[in-house]
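Chain letters run A, B, ... following the sequence lines, proteins first, then strands; residues in each count from 1.
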Amino acid sequence: MKKILAIALVAIVSFSCEKVIDIPLNEADQKVVVEGQLFDIPHESFVKVSKTGPVYENEDFETLDNVSVIVTDNVGGTFTFLEDPLNPGTYIDTSFVTQPNTIYYLQVTTSEGQFTATSETFSDVAFDSLDYVMQVGGFGADPNDTSFFTFQHFSDNGAETNYYNTIVFRNDTLVNEYLNNDQLFNGNFISQPFFADNFGPKDTCTAVLVSMDEPNYDFKFSLQNNSDGGPFSATPANPVSNIEGGALGFFGAYVTDIITIIYP
Amino acid sequence: MRLKNVFFIALILLFAGGASAQEKFTLSGTLKDGSSGEDLIGARVMVVELPGTGAITNEYGFFSLTLPEGKYTIKYKSLGFDEGTFEVDLNQNMQKNIELKPTGKVLGKVDVTAKKADENITSAEMGVDKLSMSDIENIPVLFGEKDPLKTIQLLPGVKSAGEGNAGFYVRGGGSDQNLILLDGAPVYNASHLLGFFSVFNSDALKDIKLYKGGAPAQFGGRLSSVLDIKMKEGNQKRFSASGGIGLISSKLTLEAPIVKDKGSFIVSGRRTYADLFLPLSKREGASESVLYFYDLNAKANYRLGERDRVFISGYFGRDKFGFADQFGFDWGNVTGTARWNHIYGDKKKLFGNTSFVFSNYNYKIKFGSDQGDDDPSNDETFEIGSQIQDFNLSEDFTYYLNENHTLKFGANVIHHTFKPGEIETGGAIPFTLNDIEDRQSVESALYISNEHKIGKRLTLIYGARASNFTQVGPGDISTFDIDGNVVETTPYGNWEVAQTYWGLSPRFSSNYMLDENSSIKAGYARTFQYLHLISNSTASSPTDVWLPSSINIKPQIADQYSVGYFRNFYDNQLEMSAEVYYKDMQNVIDYRDGAEVTLNPTVEGELLFGVGRAYGVELLLKKRRGKFTGWVSYTLSRTEKKFTQINEDTWFPARQDRTHDISIVGIYNISKQVTVSASWVYYTGNAVTFPSGKYEIDGQVINYYTERNGYRMPNYHRLDLGCTLNHKDYKEIKDPETGEMKQVPKKWLSSWNFSVYNAYARENAYQISFRTNETTGQTEAVQLALFKLIPSVTYNFKF
């Protein structure tokens, strides 16, 4: 929706111009950033710990030394994540996978404080299918081009309050994420278009359906309003974090499903 | 005995004198423009023998003057017209309708809304600005489009919401706090093309009045201002057409009598063709886009008899933006008003107006194509629409009690329907989505107010307005907890009351004349606002939603105090005013961090409520007559808000807080043929939220914010220049009798208008965003400016 309005504005105003300007900013005190994402696929789960940096500086974000990252669950499991020697600041456990309907606890201990968070997984999810409608021409495209308008279909578990994110890849490049909650179709079959994406002939579309809890959904949702900065986006604000202890970031435990289609 | 006789005779004489003492009669009537039949608003009728006694015509040109029986000389005058007098022997109630002859004309545009030369001193109304249509014609604006909404932004206390933004801010209030009325019908979105133009075609308008301070008791429903716009009635004497052809748009107005001097109509239309320029743009997809808007104003009136007059008026406008048949976005307003004026009583002291008003604003977004055939299985369209619709019945009376008291009272009822999201999918779309629930409410009010003259120096206007707002079913209505989560949802039946709010708004303003040339004024007003525009972005968007007060949203309340000093110099050629105001607001709305307000069925959960205050000083110096006219206005002000959940419950500036706001306008009539004008504006930038740090999360670099509205956009300033060349309004022909050349007025009048917007091409910041430079990897602040220098040419005609 907002993208469309932004396109409308730009199309109207062919006379507009952009330039880089100098705006002095008050540099805030540095804060710790914790990002934890746990998946039900091996080798994918990680926890990143870093610090904020000044707006105008170029260097990589600072990482901290002597950090301990421990994940526990509500059925007695304890997992220690160790720093990846190839990626300082990222902590992994290659064999770790999330289980459905489990609560996970994160504890990150650093020289600048201890930070904790909680996230829960719900029942397993699965795509029903992906299908598409062929279009010739289309908004912003050559009138002779063929493109495909794609729909995702999956079922929602009526007994739970669910939040979903569908991550869409086009030929292995991430193009978009579609957030959803089940408020309007709890317990029903959900069908939705990837309305901002166009796929061409012979393209491969890979979609990952991620089921998450409410704090994660809130975080991702408010993240969208932070980055765009277009005239139709909301007043910028920090995304809503679920980390306790004064760090920025978020912690999420997910169950997923993947589906791939290739267009004719 | 003789003493007794004297006493007795004295008693009889006393009685006799008492019995015949001062029976009063009423002189009433209508003042009109003799050349077109348009009613003259604000014309003066004065009694020469009783200085200080007189009346002013109301918005229908009607006046009523109650005087003791006797012979009088009545003088009438109106700016731009010849003065006149007539004698009257007032021994019964009399009616006198007068047509005034216009003095000097420029392209036939006579100012029918005459302001008395010293009205700013004598009127008790505070915080009121009246715009003359000739001011609007001469001030250069964007693309040569004369725009009343842009012109009022040059007045003190009224701030532009910025380029690409529809609204305006009055005394620190938000853009939804202005009640915009077109012939009494509210216009919910007064902008075209995302705010670059307003919906008002100045060719069809007669009068524009802006109430900034407490509006009088007959107005209510918005906290900051009332913009009362009246359309022309139409030439009652003869057919007349006028129009203009410009670079971006063209317009045409036709007016004619229905029955000469009894009724007339006017039809006025305007259309842009901005899409003609899109093929020049390098932007992707621009050349196949459709982009235009149109307006149509139509009005008819008829006098049924001495006491009755009926009017019908309507406005229809639409913006269309689209790409082939794949994508369409259109929005617009429809308003309609039917009115009946009636003069009651033998004495004709009671003037009544009954109105029925309809207003609708809606937008529709369409994706996909229906392939142009009637087969539903080929229909791949997906449509989202939203609208707000009002039906309003109101009754307003003015009772001209006597020369010291004029009473106004009345009542109105409005039924609002809000449809926040209606979704339609074509047969080929495999899924359906539910509509967002409609909301209904009823807003009603009763008011009474009196304009009271005390002696020669003091005038008071006092009154009160009692209002009620009730949310009714049918519908499922939810309540929320402090975090914005739904607590419970209750179904309500048809017309079942979900929530009701009462409000009592006292209104008071006073004027004390220190001497003939100066006065001081003071006023207080309380207002309630029951409808709220939900918009969380910098630019106003046609998809901004109007929400009614409800179980979750309390009405906003404002208390405004103002004091002013007004002085005229040099025989009313120079006008000066200084006004100070303080406004206290309750139940002000703002948004949670990251609130999603577009098409959200539980959008009420995204709102936060707090308090606000605004205060400032407005200075105006205006030269009203002579070859050179113009004004300088300066406003120094502050607007702030305080919410428990934002910025840790401290006062922070509202987005529209602008410390300084300066406008300088100059219009110079070099000769009858040439007029040049210039306007320069300067204002402090909006309060904005910029980041104070950044970090990496989820594969992207995002900004870290420490406070909302803690920074400022760069200051805005701009110079516009304009020049109007009028062709001669006469032609020279040889008189067949005398053989000499003589001047004969031309039937076809025309002029050329040239204007330059942003003459020194300053890149004023529309928006600033922080982005990572792709080559260097550095974060930089990028400013987007909308317009550099834009010239424009328009050809105007009238016959």
Measure [X] against the heavy atoms of chain B and call it side chain, backbone, both or neither at under 4.5 Å.
X: A:Gln37; answer: side chain
X: A:Phe61; answer: side chain
X: A:Phe250; answer: both
X: A:Lys19; answer: both
X: A:Leu174; answer: neither
X: A:Val20; answer: both
X: A:Glu62; answer: neither

Out of curiosity, [X] [atom1] to [Y] [atom2], how far, rounded to the nearest 0.5 Å?
X: B:Thr706; Y: A:Asp29; atom1: OG1; atom2: CG; answer: 9.5 Å
X: A:Leu25; Y: B:Phe770; atom1: CG; atom2: CZ; answer: 4.5 Å
X: A:Cys17; Y: B:Leu784; atom1: SG; atom2: CG; answer: 7.5 Å
X: A:Lys48; Y: B:Tyr695; atom1: NZ; atom2: OH; answer: 13.5 Å

Closest heavy-atom pair and its distance - B:Ala781, A:Tyr56: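 For B:Ala781 versus A:Tyr56, the nearest heavy atoms are CB-OH, 3.9 Å.
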What closest approach, in Å, do A:Pro239 and B:Ile702 show between heavy atoms, and which atom pair accounts for it?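 For A:Pro239 and B:Ile702, the tightest heavy-atom pair comes out as CG-CD1, 3.9 Å.
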Please look at B:Glu763 and chain A and tell me whether the side chain, the backbone, both or neither of the residue comes under 4.5 angstrom of a heavy atom of that chain.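 Side chain of B:Glu763 only, per the 4.5 Å heavy-atom cut-off to chain A.
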Where do B:Arg771 and A:Glu18 land on the side-chain contact (heavy atoms from CB on, under 4.5 Å) test, with the steps shown first? CA-CA 12 Å; B:Arg771 294 211 291 257; A:Glu18 279 188 352; 3.2 Å; yes
Partner set under ring-ring contact (aromatic ring centres under 6.0 Å, His included) for A:Phe199, not counting sequence neighbours: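 Testing A:Phe199 for ring-ring contact (aromatic ring centres under 6.0 Å, His included), a comparison that skips the adjacent residues, returns A:Tyr263.
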Partners passing ring-ring contact (aromatic ring centres under 6.0 Å, His included) against A:Phe46 (at least two apart in sequence or in another chain):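 For A:Phe46, no residue satisfies ring-ring contact (aromatic ring centres under 6.0 Å, His included) once neighbours in sequence are set aside.
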Just by distance, do the side chain of B:Lys694 and the backbone of A:Gly53 share a donor-acceptor pair under 3.5 Å?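 No, B:Lys694 side chain to A:Gly53 backbone: no donor-acceptor pair under 3.5 Å.
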Ignoring hydrogens and angles, tell me if any N or O in the side chain of A:Asn238 forms a donor-acceptor pair with the backbone of B:Tyr704 under 3.5 Å.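 No; zero donor-acceptor contacts below 3.5 Å.
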Go through B:Ala765, B:Pro691, B:Gly710 and name the one with the most non-hydrogen pairs under 4.5 angstrom from chain A.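 Greatest number of close heavy-atom pairs with chain A: B:Pro691.
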Top residue by heavy-atom pair count (under 4.5 Å) with chain A, among B:Thr776, B:Asp698, B:Asn709, B:Val782?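 Most pairs with chain A among the choices: B:Asp698.
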With respect to B:Gln783, which candidate in A:Ile21, A:Ile23, A:Asp22 satisfies the side chain to side chain contact (heavy atoms under 4.5 Å, CB included) definition?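 The single option meeting the side chain to side chain contact (heavy atoms under 4.5 Å, CB included) with B:Gln783 is A:Ile21.
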side-chain contact (heavy atoms from CB on, under 4.5 Å) evaluation trace for B:Ile697 with A:Phe219: CA-CA 11 Å; B:Ile697 202 108; A:Phe219 182 87; 4.2 Å; yes
